[in-house]
Amino acid sequence: MQPNFRSTIFQRLFWCAFLAIGLGSAAAGIVLGWPLRLEVLLDAGGAAISLLLALVLSRPVDLRIARMRAFAEGLLEAGDEAAGASMLGRLGVDELEALDRSLLRMAGQTRVLVERAKVESARREAILASMAEGVLAVDERLRVTFCNQALARLAGTRTPSSGMPLMELVRDTTLLVTLSEVIRTGNPAKRHLQLPAANGRSFELQAAPLISGNKPGDKPGAIAILHDITDLERLENVRTDFVANVSHEFRTPLAAISGYAETLLDGAIEDRANNRRFLEIIRSNAIRLNSIAADLLTLSELQTGVGPQNTEAVPIGEAIDSALSTITSEAALRGVTIERGPIDNMVVQGSRYRLEQALVNLLANAVKFNRPSGKVRVEAQRNGASIGILVSDTGMGIPSRDLPRIFERFYRVDKARSRQVGGTGLGLSIVKHIVERMDGRVSATSQLGKGSVFTITLPLG
């Protein structure tokens, strides 16, 4: 180690030794009457001795301090506490021992705290980044301090840099006003919003104050979490519509049954000309109620997976023939001709009972909503690894605006005619769920005045 003449310890030791020697030689010169030249020589020698003493005494101390400083500065970066302990141990045991040991103890504690902080920080970052909910943090001036990937996707941009104004990230008045209110009042808030860049999806916004620093006078920012509730709202709307539709479907036949029953009780039962007709109306509406209840039960079983789960090899030709035999009598009564087109007798995997049920529903609709002397045609064609079953009719057709919704529960294109022919509004919904449980799909095309074609596509077994 080179001598450090700028060391504070060296300079203090030098001046102390120099003054002591200088004052001593001056006093001796006065008492003994030494000539001035001799005193000057003694002072010069004293300076040299002072310099030597300062170097000898300050060097070990400077060396120790330099090593302790190097150890302290490299402690957090290197993290090698064993090397630090060896370094401090070589300095010996003297008055600096307490400082040595304190630094060593501090090393272990600081290292543990820093490593723990790094792990916790990385864990939080990973959790926030992987959350499906959008997470956003801003400071008191509404500048972004954190934004996870989910929120960046909702905003239609990349993960923003820290310090970006919130208005540049998300242009939504509700979000800006809510976060400003939270920062101003210090109270949590909850809002409902729709982000323009998220294709009209609905979100529940939960915002709360967030302290971004620990210094006195630091102003709080805010943190916001966006929960996507679009699917929940859709399911709630479906549930509400379903309850309303079921209530409406049951109310009409129940009102007819109740009304005609009261009429009979009031004396019409003795009316030979009408009593039988009244009873037939009651019976017809009771059958309708039973059909609605049966279809609801079937739909519930298909949606929840309850009921028969048997999977078997189902020959398409046999399933179609069975469905045709079921619907032939009704077609004859309505004057509708059924044609059996070419059928590739392939095999699919699923429930034969359910597949026949789906085919009967399609054929029954094709017969009921056909025109007088109309035709219904069914055929099956192989298409690669799947087979398509086509049921076509010559009915009035379906308007294009109604096609996307015909597989919804209780949806009817012509409500009056549907009830007149005894439809429950659930047949096509049942077809859709049956086909989907067999890993297939169902679709429809139609032309007004010409008829409709329903296609069931199933994978070959």
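This chain uses plain numbering: 1 for the first residue, then up along the sequence.
Counting heavy atoms from C-beta on, the side chains of Phe146 and Val135 come closer than 4.5 Å. The closest side-chain heavy-atom distance from Val314 to Glu356 is not below 4.5 Å. Contact of the Ile327 side chain with the Ile338 side chain is registered, since non-hydrogen atoms from C-beta on lie closer than 4.5 Å. For the pair Ile406/Leu403, a side-chain contact is recorded, criterion being any heavy-atom separation below 4.5 Å from C-beta on. Within the 4.5 Å cutoff, side-chain heavy atoms of Leu254 are placed close to those of Leu289. In this structure the side chain of Val177 never reaches within 4.5 angstrom of the side chain of Ser180, judged on heavy atoms. Within the 4.5 Å cutoff, the side chain of Leu355 has no heavy atoms near those of the Arg352 side chain. No side-chain heavy atom of Ile316 sits less than 4.5 Å from a side-chain heavy atom of Val347.
Taking a 6.0 Å sphere around CD of Glu339, one finds it holds more than 12 heavy atoms contributed by other residues, nucleotides or ligands. Counting heavy atoms of neighbouring residues, nucleotides and ligands inside a 6.0 Å radius, atom CZ of Arg283 does not exceed 12 of them.
The line from CG of Leu333 to CD of Glu330 is 7.5 Å long, rounded to the nearest 0.5 Å. Rounding to the nearest 0.5 Å places CG of Leu136 at 8.5 Å from CG of Asn148. Note that CD1 of Ile387 and CG of Leu458 are 8.0 Å apart. Values are rounded to the nearest 0.5 Å. Distance CG/Leu142 to CD1/Ile183: 4.5 Å, rounded to 0.5 Å. With values rounded to the nearest 0.5 angstrom, Ile456 atom CD1 is found 5.0 Å from Leu359 atom CG. Ile229 contributes atom CD1, which lies 11.0 Å from atom CD of Glu236 (distance to the nearest 0.5 angstrom).
Counting only distance, with no hydrogens or angles, the side chain of Asp139 and the backbone of Arg143 share a donor-acceptor pair below 3.5 Å. Not one N or O on the side chain of Asn285 forms a donor-acceptor pair closer than 3.5 Å with the backbone of Ile257. Between the side chain of Asp402 and the main chain of Ile398, no donor-acceptor pair closer than 3.5 Å is present. Panel note: side chain Thr230, backbone Ser202; a donor-acceptor pair is recorded below 3.5 Å. With Asp393 contributing its side chain and Ser452 its backbone, the two residues share a donor-acceptor pair below 3.5 Å. Between the side chain of Asn370 and the backbone N or O of Ala366, at least one donor-acceptor pair lies under 3.5 Å. A distance-only check finds a donor-acceptor pair linking the side chain of Arg371 to the backbone of Thr394 [under 3.5 Å]. Without hydrogens or angle criteria, Asn237 side chain to Thr240 main chain gives no donor-acceptor distance under 3.5 Å. A donor-acceptor pair is defined here as one N or O able to donate and one able to accept, closer than 3.5 Å; such a pair exists between the side chain of Ser325 and the backbone of Ser322. Listed for the Asp172 side chain is a donor-acceptor partner under 3.5 Å among the backbone atoms of Leu175.
Heavy atoms only, all atoms of each residue included: Val144 and Leu169 are closest at CG2-CD2, 4.0 Å. Of all heavy-atom pairs between Thr178 and Ala189, the closest is CG2-CB, 3.9 Å. Residues Val435 and Arg441 approach most closely at CG1-N, 3.1 Å, considering heavy atoms. The minimum heavy-atom distance between Leu179 and Ala222, with the atom names listed, is CD2-CB, 3.9 Å. Residues Pro209 and Gly186 come closest through the heavy atom pair CG-O, 3.1 Å. Nearest heavy atom pair, residue Val376 against residue Val391, reads CG1-CG1, 4.4 Å.
A donor-acceptor pair shorter than 3.5 Å cannot be found between the side chains of Gln349 and Thr311. One side chain, Gln206 or His227, offers a donor N or O that lies under 3.5 Å from an acceptor on the other.
Ion pair Arg405/Glu408 flagged as a salt bridge, since at least one NZ, NE, NH1 or NH2 atom sits closer than 4.0 Å to an Asp/Glu carboxylate oxygen. Using a cutoff of 4.0 Å between basic side-chain nitrogens and carboxylate oxygens, Arg116 and Glu120 are not scored as salt-bridged. Between Arg277 and Glu280, none of the side-chain N atoms (NZ, or NE/NH1/NH2) sits under 4.0 Å from a carboxylate O, so this pair counts as no salt bridge. With respect to Arg191 and Glu181, a salt bridge is recorded, a charged nitrogen being found less than 4.0 Å from a carboxylate O. Salt bridge status for Glu379 with Arg377: present, with a side-chain N to carboxylate O gap under 4.0 Å.
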Might you work through the side chain to side chain contact (heavy atoms under 4.5 Å, CB included) test for Arg334 and Lys368, ending with a clear yes or no?
CA-CA 8 Å; Arg334 296 180 182 273; Lys368 292 176 182 177; 4.2 Å; yes

Which is it for Leu226 and Glu204 under the side chain to side chain contact (heavy atoms under 4.5 Å, CB included) test, yes or no, and what are the steps along the way?
CA-CA 6 Å; Leu226 276 68; Glu204 181 185 72; over 6 Å; no

| said: Run the side chain to side chain contact (heavy atoms under 4.5 Å, CB included) test on Arg276 and Ile281 for me, step by step, so that the C-alpha distance in whole Å, both residues' side-chain angles and the decisive distance to 0.1 Å come before the verdict. | reply: CA-CA 9 Å; Arg276 183 175 180 83; Ile281 292 175; over 6 Å; no

### Query
For Thr326 and Leu363, what are the C-alpha separation, side-chain angles and deciding distance, and is it a side chain to side chain contact (heavy atoms under 4.5 Å, CB included)?
CA-CA 10 Å; Thr326 302; Leu363 290 169; over 6 Å; no

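Residues satisfying the ring pair (Phe, Tyr, Trp, His ring centres under 6.0 Å) criterion with Phe407, sequence neighbours excluded, are absent altogether.
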